[in-house]
Amino acid sequence: MTGKFNLFFRVLKKRPDFMLGYIIVFLIIIIAIFAPLFAPFDPIKSDAKNYLKAPQWPYLMGTDATGMDVFSRVLYAPRVDLAIALLGTLLSAVLGVILGAIAGFYDGSGKVAGFGSAFIMRSADVVQAFPVFVFAIAVVAVLGQSIQSLVMAIAFVNAPIYLRLMRSQCLSIRRMRYVEAAYLAGTSDVKIILAHVIPNSIAPLLAQLSVNIGWAILLTSALSFIGAGVEAPTPEWGSMISMGFQNIVTGHWWPSIFPGLALAVTVLGFALVGSSIEILADPVRTRKLLLS
Amino acid sequence: MHIKSREIIALVGESGSGKTILSRAIMNLIPKPGRLNSGAVLYHDKNLIDLSNEELTRLRGNRIATIVSNPKGELDPLETIGQQISNVIIHHLRITREEAKKKAIQLLKDVKIPDPERRFEAYPHELSGGMAQRVIIAISLACDPEIVISDDATSGLDVTVQAQVLELLKNLVLNKGSSLIFVTRDLGVAAHFADRVCVLFNGKIVEDKSTTDFFKGPKNEYAKKLLSASKFQGSKKVNSHNEFSTRTPVENKGPVKEKLLEVSNLVKHFPISGSSAVVQAVNDVSFSLSSGETLALVGESGSGKTTIGRCLLGLEQMTSGKINFMNKKLGQRQSFRDPELMGKIQLVFQEPAEALNPKMTLYDIVSEPLKNLRSNGHNLEKAVRESIDRVGISESDMNRYPNEISMGFQQRVGIARAIVSNPRLIILDEPTSALDPTARAEIMELLIQIQKDLSTSYLFISHDLSAVKHISHKVAILYLGKIIEQGDADRIFASPRHPYSLGLLSSVLLPSTSVKRPTSVSLDGEIPSPINLPSGCSLKSRCPFREELCEDIPETVHLSDDHVVHACKQCLTKTAKVDIMDYFEKFEQETNSIQ
Amino acid sequence: MKRLYLFLGKRLIFVIPQLFGITLVSFLFLQLIPGDPAVLMAGPFATPSVLENLRAELGLDKSLFEQFLIYISNVLRGDLGNSWQTTRPVAEDLLQRFPATLELIVLSLLLALAIGIPLGRAGARLKKGVTRRTADYYGLFAGALPDFWLGLVFIYIFYTVLTIVPAPLGRIDFFIIPPPSVTGSLLIDSIIDLNFAAFKNAVGHLILPVVTLGLINAGPILKMTQATMERMLDEDFSKYGALCGLPEKVIARKAFRNSLPSVITIVSVLFGFLIGGAVLVEIVFSWGGAGQYAVNGVLNADFNPVLGFVLVSAVFSLVIYLIVDLLYFYIDPRTT
């Protein structure tokens, strides 16, 4: 374990920008948890007298068209965005890993299991044949507009990614000689998946997961932006951008630009963390980086 | 180190000895982040280290050419081989495309590629490994270089093809008046093709001698060890009281011996998707094995030897046939969930690294087979410790991971896992072919010792004939999915009767300069595709005894109790007259006499 | 040539069941969306008998299976039903809106390729330096920016502050008479019509959305080009090229050729994503594209536009995949 930590710090030393990613993610999580301590105003209380105020004291990021403090809302927003993205991604990973393991392990086997494996793959094909966005909106429309349905939408849209990843892992690992050796020793399928397939797939899964969270945050805010996600006045970056969007042409840029900036920095943080894990998950790339 | 013009030297070393780095250093192309710290590479009194990149680029492939292993990976998959040869010619000789094409076709002819005009348009994926290797040779000779470096060039090829390619390379290089450096770990290559041998160990040349002197007896300790390992002398010493055989004597010879494994009429066809044709991987194969005995399945790639092993284990579903093991039927994947069979057959793999789960400790790997046998904790631990001890791994290493130990030790772990469940039969699938000579000798010794102690039967699948000779009691030679000759190992090595057996045995490069390789019975060409098997005799395109129209149908002939051959009558009369197969015998005598 | 026909035939066999599957699933899926079109159309104060008649008229009183059969047979005749929001046939609406979306996507992807490929190639060939750094970070930043927000930033800078682009309200200004529709692409149509005023105006409207989508989608193209080409430069055949004394330029060209299949794949994936995904930028610029039409359909229980959109975009995706397969076929002799 110490060896792994050591490696981790050596990679961070080589790429200080990765460090920045970890700092961003850490700060965003802190902000999300302690938003009430940092926010100067109630994020959903509108002040009819002070609408569209430019950034000034005490409105650090100005106020929006309904007179709500943009800064306070930006600080509260990750509570919603992060929660939805994290839950959705985790759910999609669990769903994808289970189905992918079945699809990969029984691929091409003649019996019922082989049929099930083919069925899973064809379903994934159909899901992925839909335009991602329209599919996500449709999921929200079917389940009704709520945070739970956003989580489900993100889970459904992303599950095929994990499914395919896990399947290809399974396909290559099941041909590994050590899996054949396990067969000869009479080990059951479930045990083989748990003892051999999963431990050897964790690194690429983790890498995918960390890259995916950033993307899920973007999708959450995009859905809210078009009105299929979190509804105003709940503080959420996408819906804030949407609310301020009409004011941009008249020169009131702050209600849209600040939440977008916060969103971009957050996604960037997760992307940096993701690429560091991607490199760490691949021994060849890690070695290359450390030697460069 | 130095090389004169028209000289052939062999640079011999095991993996990690620095032989490839040295060969790359000659071209000043060292993989990053390595760097040449000091020294000089003098070529015609010019120091290559000091040359600019452009000057070096002009030399590479032009005056100094390299032939590499893994020929199919070295060629650009998206360009025809003609274009690739022409590119190199045009870059170095600055001639027109037409002229380059003419020259390229001539080169393809030189390396004996049939139908060179048509092959000029072929893509690398349409070529066999042997053909691709010839193309690489053609590229290397394209600009009449002064030095050709062959970097382990033939290690991936089948034995019969390897012998042909090396022979061809040597002749071509000598004809062009170039010098040749063989970079290899195989002393056999050195013995048969080089004028001088340089042994590399830990990045240093420890021995540099003319080939004949070297094989008479090297001075350096490591060089001695390497030579004796290549000849399997190590294990000789262990049981020197037994003059004649390194093998475990089989108890209870005679009619009463118990048949452990019986395979009859095994057939395995692989369907080709989108076509009605099938790959006939295994065609009507029968053999049997008694306890404590070793049967070797010998053959080149495509002979079906590995498929047979996998069918036995149920890893492949056989098309038809019968497999009996301990009086039970085998051949299903589920067979090994039967508690009576569980752990009774084990397998040792070719690639030790792939055979071990990188996320498990050595202890967990070795104990895995026992976990399903529901041994209680104490027994399990004891059994694991015993078998780890038996393969020579210290207990303090039990908590390490596979990537922390050397390849030879990885293979030992694989063997420990195989013996821990007390199996009756172990299938050894090319257990030594990925290993260096010294590790190879050690593993062979270990396997023989284990058989002596535990009287396990081995099914030894290999193309390494000297290892086969060393360990097996019985041999079955496979060609294109059929056993063409089987019987007592000594008898087959002394007087093989099938033309293919003759060719195969004669293509082995034994590490000795005093025994002459019988090249007159060498095979031509390459193994045909097992998709469209030639009708009649499957060897008719390659047979050294063939006549213009050889339409004889082979039949099964029992030459004696323990020697069966499947060949045509005409050939058998011819091979009976061949009396040159004392190749192995002489080698063994020589080896023994040195001791 | 025979190899080509065989290859095309094999691909086409898969297309029809795939289309059918997509139609069926989206049909069933949309039935799950709560909301009664009849109520929405007639308004909340309609009498039950009015609703009854309306349902019968829309075929909503029949069984699901019957409804699906009717829909399929209509689709085969080119009838995608009507939208109750626009009260026009969906086929006509889509015919008007798809070209708008396609024009936007195609130009954006061309821009993305023009940025991503040279930068990716340079990034793979160089080991250090400014270009390499730019390549490394471009992908990260482009992946982090929400495109709809970037569009807004551009509008603020170039329209509100600098006023050098037309208002972000559609594809062409109201006071310009658009050219007669031939291809549906305003650029091509105005050239055919020799209407250069319209051409200039349309270009002005296209610039910001195309730059927005182009800059962002250059990210994945760059990443893929760089990663694959770096891998190809590490392959044995590249090292062998160096051993044979081929110049670095030639080796880089070979490596790039070998990475083309992955680059083509990522472009086709982006295309498929953008058909629906461009809706965000379409909303920002009031583009009136197909994605916007479908999203409005979902949000207002107007099913026919959604089904029509899904069907047409599926057909587009399949055509794109077919083209991709053909490109593979020409690049890689190993394809069967």
Side-chain angles (χ1 to χ4, degrees), chain B residues 20 23-24 26-33 53-81 83-85 87-93 121-126 132 135-136 139-140 142-143 145 149 151 272-275, chain C residues 1-14 124-129 132 228-265 326-336:
Chain B
T20 297
S23 75
R24 291 284 192 275
I26 295 172
M27 313 276 275
N28 203 354
L29 264 181
I30 291 191
K32 280 183 183 147
N53 222 350
E54 284 78 55
E55 287 173 297
L56 276 169
T57 306
R58 245 174 283 138
L59 277 180
R60 289 178 197 142
N62 186 3
R63 308 315 312 147
I64 306 177
T66 310
I67 304 170
V68 283
S69 53
N70 177 24
K72 296 197 92 166
E74 309 287 346
L75 294 169
D76 182 346
L78 306 187
E79 261 185 5
T80 62
I81 58 165
Q83 268 174 308
Q84 299 190 43
I85 302 176
N87 270 346
V88 174
I89 299 176
I90 291 169
H91 269 287
H92 289 305
L93 304 183
E121 307 290 340
Y123 287 95
H125 72 277
E126 297 165 336
V135 172
I136 298 271
I139 293 177
S140 72
C143 308
I149 302 169
D151 186 0
I272 300 169
S273 61
S275 146
Chain C
M1 235 21 221
K2 199 182 143 216
R3 201 176 120 230
L4 178 63
Y5 290 135
L6 211 75
F7 174 78
L8 272 183
K10 253 194 256 172
R11 291 294 179 280
L12 282 173
I13 289 170
F14 287 107
R125 281 173 69 178
L126 303 168
K127 291 284 160 265
K128 37 176 90 81
R132 166 81 194 208
T228 323
M229 188 157 151
E230 231 169 281
R231 216 177 53 233
M232 289 303 161
L233 284 172
D234 260 354
E235 285 280 319
D236 281 345
F237 65 82
S238 298
K239 291 183 193 147
Y240 182 62
L243 275 175
C244 286
L246 294 178
E248 200 268 342
K249 242 178 25 204
V250 177
I251 296 170
R253 202 165 57 218
K254 279 170 169 246
F256 180 66
R257 229 168 92 94
N258 272 282
S259 12
L260 269 181
S262 323
V263 177
I264 293 169
T265 306
L326 274 180
L327 285 174
Y328 284 167
F329 185 82
Y330 277 107
I331 292 171
D332 193 338
R334 289 167 296 187
T335 327
T336 48

Trainee: Nearest 0.5 Å, please: how far is CG in Asp76(B) from CD1 in Ile251(C)?
Mentor: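 Interatomic distance, Ile251(C) CD1 to Asp76(B) CG, rounded to 0.5 Å: 11.0 Å.
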Trainee: At a heavy-atom distance under 4.5 Å, which candidate from Pro247(C), Ala255(C), Cys244(C), Ala242(C) has the highest pair count against chain B?
Mentor: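 That would be Cys244(C).
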Trainee: Measure the CD1-CG distance between Ile90(B) and Leu246(C) for me, rounded to the nearest 0.5 Å.
Mentor: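 So the CD1 of Ile90(B) and the CG of Leu246(C) are separated by 10.5 Å.
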Trainee: Below 4.5 Å from any heavy atom of chain C, which atoms of Ile149(B) appear? Answer side chain, backbone, both or neither.
Mentor: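 No part of it gets close to chain C.
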Trainee: Tell me the closest heavy-atom pair linking Pro333(C) and Pro77(B), and the distance in Å.
Mentor: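 Minimum heavy-atom contact is CG-O, 3.6 Å.
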Trainee: For the candidates Asn258(C), Ile331(C), Asp332(C), which exhibits the highest count of non-hydrogen atom pairs separated by less than 4.5 Å from chain B?
Mentor: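 That would be Asn258(C).
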Trainee: Of the listed residues (Ile139(B), Asn62(B), Asn87(B), Leu59(B)), which shares the most heavy-atom pairs with chain C below a 4.5 Å separation?
Mentor: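 Top count of heavy-atom pairs under 4.5 Å with chain C: Ile139(B).
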Trainee: Tell me if a side-chain donor or acceptor on Arg257(C) pairs with a main-chain N or O of Leu78(B) at a distance below 3.5 Å.
Mentor: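 A pair under 3.5 Å: yes.
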Trainee: Measure across Leu243(C) and Arg60(B) and return the closest heavy-atom pair with its distance rounded to 0.1 Å.
Mentor: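 Taking Leu243(C) first and Arg60(B) second, the nearest heavy atoms are O-CB, 3.4 Å.
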Trainee: Using non-hydrogen atoms and a 4.5 Å limit, figure out which bit of Gln84(B) sits close to chain C: side chain, backbone, both or neither.
Mentor: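 For Gln84(B), the side chain is the part near chain C, not the backbone.
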Trainee: Which residues, numbered in order, of residues 228-241 of chain C come under 4.5 angstrom of chain B by heavy-atom distance?
Mentor: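 Residues Asp236(C), Phe237(C), Tyr240(C) are the ones that qualify, each having a heavy atom under 4.5 Å from chain B.
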